[in-house]
Amino acid sequence: MTPYTPPVQDQLLAIRTNAGIAELAQSERFAAAEDDLVEAIVEGVGAFAAGEFAPLNRIGDTEGARLENGVVRLPDGFAEAYDHYVEQGWNAIAAPAGHGGQGLPFTLSCNVLENLGAANMAFTLLPILSVGAIDALDHHGSDAQKAKYLPKLVSGEWSGTMNLTEPQAGSDVGALRTTAEPIDDGEHAGKYRIKGQKIYITWGDHQLARNIIHLVLARTPDAPEGSRGISLFVVPKYHVNADGSPGADNDVRCVSLEHKLGINASPTCVMSYGDNDECIGEMVGGEHGGLRAMFTMMNSARINVGNQGVQIAERALQQAQHYARERIQSARAGSDDRNPVAIVEHPDVRRMLIRMKSLTEGMRALLYYTAGQFDRGTLGNVAAARRAEVLVPLIKAWGTDTGVEVASIGIQVHGGMGFVEETGAAQHYRDARIAPIYEGTNGIQAADLVTRKLNMEGGAVVTALFEDMARDCVDEPALFTLAGDCAAVAAWMREEASLDDRLAGSVPFTTMCAVAFAGWQLLRQKRAVDAGAAPTLREVKEVTTRYFIDHVVPEAAGLKSAATDGASLLYKLGTSQLVG
C-alpha cells in the first residue's frame with residue numbers, strides 16, 4: 001500500500017473558499033481561527049496522520065481487532081499512535097473550551113478527521129464516535145454529567161460510543177427492548193439499572209482508552225411504544241470514582257466481534273449490558289427524550305461519515321496515481337514510438353484518474369461548505385443552520401456512494417492487480433462499503449430529504465439554496481440548468497407527488513442536488529484560484545472543475561426522469577413475482 005500524502009493545498013482552498021473560515025474568525029467565538037493557525041492545523045494533522053496512522057492501515061486490515069478471553073485487542077502500534085493523538089490534542093480541536101477543548105470551528109475538526117481517516121479509516125472511527133458523544137453530552141447532559149465525563153472525553157483519555165441497534169431493531173429504533181429500571185435507594189439512587197444487548201457498536205470495547213463512555217438508548221418502565229418511549233443513558237465501562245478516575249467494572253461486556261467485509265481494525269461489538277443486573281446508567285436529557293438527544297450526536301456524525309467518502313476517495317486516488325505512474329504496459333495508441341509506456345499515458349486510464357480526482361475534489365468542496373454552514377448555525381445564524389440541515393443528507397449519502405465509486409475505479413486502474421489483496425487497492429473498496437450503510441442508510445438519508453427537509457419553512461430553505469446557486473452559476477449553463485431541474489423536482493414533490501412517489505424518486509433526487517451543490521462549490525474554488533488563491537492548483541483546478549461540470553453534472557441531470565417517474569412501476573409486480 002502506498003504512503004499517504006496529505007492534500008494540504010486543496011484542503012486549505014476548501015476551508016477558505018467553501019467553509020469561509022476567515023468570516024467565521026471574525027466572530028468572538030471563533031476568533032482564534034486565524035489563517036496562520038488554520039494552516040498550522042492542516043499541515044500538522046496531515047503530517048501526524050501520514051506518520052502515525054497511515055503505517056497502521058495495512059496491518060489493521062490484515063490482523064484486525066480480536067477478542068481474546070473477553071478482552072478486545074488491536075495490533076501492535078495502535079495504542080502508541082492513539083496515545084500520541086491524545087497527547088498532541090487533536091481530539092480537542094472543536095470541543096467546548098469550558099471542558100478542555102480548543103473551541104475552534106467544526107470545519108477544522110472535519111479536517112482533522114479527513115486526514116486521519118484518509119490515513120486509516122478504521123482507526124479514525126474511534127475519535128469520530130467520541131466527537132459525537134461529546135456533542136450529545138454538551139447539549140443535553142446535566143452540569144454534573146458534563147463535569148464528570150466531558151473533560152476526559154474531550155482530551156481523548158476516554159472514548160465514547162453510541163448504542164442504538166439491537167438484533168430485532170435495526171433502522172426502526174422504536175422497536176428496541178433494552179430496559180432501564182429506576183433505582184430508588186442505595187449508592188446509586190436516582191440512577192437506572194440497564195439491561196439488554198446492542199449490536200454493531202463501533203469501538204464498543206478496546207484497550208486504547210482508559211474508560212469507554214457508552215450512550216445507550218433504552219426504555220423506562222411503562223414507557224410508550226415506539227420511538228416516543230425511548231430515553232438516553234450514559235453508561236461507562238467502568239464506574240467513575242469521586243476523584244474522576246475509573247473504578248470498578250460496570251457490568252458491561254463485549255460478547256463478540258463481527259466478522260466484516262472491511263474496517264477490520266475497528267472492533268464492531270455485540271455489547272451486553274447488565275448480565276449480572278449491576279449495570280448502572282444515568283439518564284441524559286430527560287425521560288423519553290432519547291431520540292432528541294441522540295440525534296444531536298447523529299447529525300455531526302452524519303457529516304463525519306460523509307467525510308469518510310472524501311477520505312477513502314483521496315486514499316484510493318493516491319494509490320491509483322502511484323500505480324499508473326509505475327505500471328509500464330503497451331505502447332501509446334497512435335504513437336510512432338512502439339515502446340511500452342506507463343499506463344497513465346493511455347486515454348482510458350487518464351479518464352479514470354481525472355474522474356476520481358474530480359469527484360474527490362467535488363466531495364471535499366461540498367463537505368467544507370456543509371461544515372461552514374454548520375459553524376454559522378453554531379454562531380446563531382438560523383438560516384445557515386437550516387441550510388446545514390438540508391446539506392447533511394446530501395454529503396452523507398452522495399459522499400459515501402461516491403467514495404465507493406472512486407474506490408472501485410481505483411481497483412479498475414490497477415486491473416487484475418487491484419482484485420488481489422497484495423496491492424492494497426481492494427482494502428479501500430472494502431472499507432468504503434460500510435459508509436453508505438451506517439449512521440442511517442443512504443436510502444434513509446434520501447427519505448429524510450424528501451419528507452422533512454423539502455418542507456422546512458414551507459420549502460423556503462431549499463428554494464433559497466437553489467436560487468443562490470442559480471444566481472452564481474448563470475455563466476455555466478449545465479450547472480444553471482441542473483439547479484432549475486432540482487428546484488422543479490422539489491416543487492413537484494412538495495405540491496403534487498404522493499408519499500410513495502416522493503420516496504421512489506428520493507435517491508436520484510438526492511444525487512441531483514448533491515452534484516449540483518458540489519459543482520457550484522467547485523466553481524467557487526476555480527474562481528478563487530483564478531483570482532490568485534492557491535496558485536499551485538490553478539491548472540489542475542481548471543481541469544477537474546471542467547470535468548465535473550461537463551461530465552458529472554450532465555449525468556445528474558439525466559436523473560430527473562427517475563426522480564419524477566413515481567412509484568407505480570415499482571409495484572407492477574406482485575410481491576411473490578418480485579421476491580418469490
Side-chain angles (χ1 to χ4, degrees), residues 15 19 30 33 41 45 48-49 53 81-82 85-86 88-141 145-146 149-164 201-204 206 208-209 211-215 232 234 263 266 284 293-311 367-368 370-372 374-375 377-378 388 392 395-396 399-400 435 438-440:
I15 289 168
F30 295 143
I41 288 171
V45 74
F48 173 80
F53 271 41
Y82 186 74
Y85 166 79
V86 173
Q88 294 185 26
W90 296 117
N91 203 68
I93 289 289
H99 297 286
Q102 297 183 41
L104 290 165
F106 175 71
T107 293
L108 295 178
S109 172
C110 283
N111 183 255
V112 169
L113 293 176
E114 184 195 340
N115 277 293
L116 294 175
N120 193 323
M121 177 180 165
F123 198 175
T124 305
L125 282 162
L126 175 56
I128 283 178
L129 269 295
S130 296
V131 167
I134 291 166
D135 282 348
L137 287 170
D138 187 39
H139 284 86
H140 301 285
Q145 288 168 342
K146 292 178 186 179
Y149 296 110
L150 282 182
K152 291 181 180 177
L153 279 171
V154 165
S155 72
E157 183 179 346
W158 297 352
S159 68
T161 73
M162 64 168 75
N163 288 245
L164 294 79
I201 308 307
T202 301
W203 285 91
H206 58 93
L208 306 191
N211 203 351
I212 302 172
I213 310 305
H214 301 286
L215 293 183
L232 180 66
V234 57
I263 56 168
S266 172
V284 177
M294 188 63 85
F295 269 107
T296 298
M297 184 177 186
M298 290 177 70
N299 210 31
S300 64
R302 284 172 172 171
I303 298 174
N304 289 333
V305 170
N307 190 339
Q308 290 186 312
V310 183
Q311 297 162 19
L367 168 68
Y368 286 103
T370 304
F374 187 91
D375 281 325
T378 299
V392 165
I395 187 59
K396 195 286 180 184
T400 56
Y438 56 23
E439 293 307 330

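A distance-only check finds a donor-acceptor pair linking the side chain of N304 to the backbone of S300 [under 3.5 Å]. One N or O on the side chain of K396 and one on the backbone of A435 form a donor-acceptor pair closer than 3.5 Å. Of the possible donor and acceptor atoms, one in the side chain of S130 sits under 3.5 Å from a partner among the backbone N and O of G160. Formation of a donor-acceptor pair under 3.5 Å by the N307 side chain with backbone atoms of L367 is not found in this model. Judged by distance alone, with hydrogens and angles left aside, the side-chain atoms of T124 form a donor-acceptor pair with the main-chain N or O of L116 at under 3.5 Å. Judged by distance alone, with hydrogens and angles left aside, the side-chain atoms of H139 form a donor-acceptor pair with the main-chain N or O of D135 at under 3.5 Å.
Annotation: side chain of H99 is not in contact with side chain of I134 (no heavy-atom distance under 4.5 Å). In this structure, I213 and S159 have side chains that are not in contact, with every pair of non-hydrogen atoms separated by 4.5 Å or more. With a 4.5 Å cut-off on side-chain heavy atoms, F106 and T370 do not count as touching. Counting heavy atoms from C-beta on, the side chains of F30 and T107 never come closer than 4.5 Å. With a 4.5 Å cut-off on side-chain heavy atoms, N111 and N115 count as touching. With a 4.5 Å cut-off on side-chain heavy atoms, K152 and N211 do not count as touching. Between V284 and Q145, the closest side-chain pair of non-hydrogen atoms falls below 4.5 Å.
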Exercise. Step by step, work out the side-chain contact (heavy atoms from CB on, under 4.5 Å) result for Y82 and H206.
Key: CA-CA 12 Å; Y82 186 74; H206 58 93; 5.8 Å; no
Self-check item: Worked verdict on L208 versus F123 for side-chain contact (heavy atoms from CB on, under 4.5 Å)
Solution: CA-CA 11 Å; L208 306 191; F123 198 175; 3.8 Å; yes
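Between V305 and Y438, the shortest heavy-atom contact is CG1-CE1, 3.7 Å. Between T202 and T161 the shortest heavy-atom distance is O-CG2, 3.9 Å. The heavy-atom pair separating A136 from A293 by the smallest distance is CB-O, 4.0 Å. Residues L104 and I41 approach most closely at CD1-CD1, 3.7 Å, considering heavy atoms. Taking both residues in full, the closest heavy atoms of S155 and V86 are given as O-CG1, 3.1 Å, listed atom of the first, atom of the second, then distance. Closest non-hydrogen pair, I93 versus Q102, comes out as O-CB, 3.3 Å.
The distance from atom CG of L108 to atom SG of C110, rounded to the nearest 0.5 Å, is 9.0 Å. The CE atom of M121 lies 14.0 Å from the CZ atom of F53; values are rounded to the nearest 0.5 Å. Taken to the nearest 0.5 Å, the OG1 atom of T400 stands 8.5 Å off from the CD1 atom of I395. Note that NE2 of H214 is 8.5 Å distant from CD1 of I201, once rounded to the nearest 0.5 Å. Within the model, atoms CH2 of W203 and CG of L125 stand 8.5 Å from one another, a figure rounded to the nearest 0.5 Å. Rounding to the nearest 0.5 angstrom, the gap separating the NZ atom in K146 from the CG atom in L137 is 9.0 Å.
Every residue meeting the salt bridge (charged side-chain N to carboxylate O under 4.0 Å, His left out) condition with E114, not counting sequence neighbours, appears here in chain and number order: R364.
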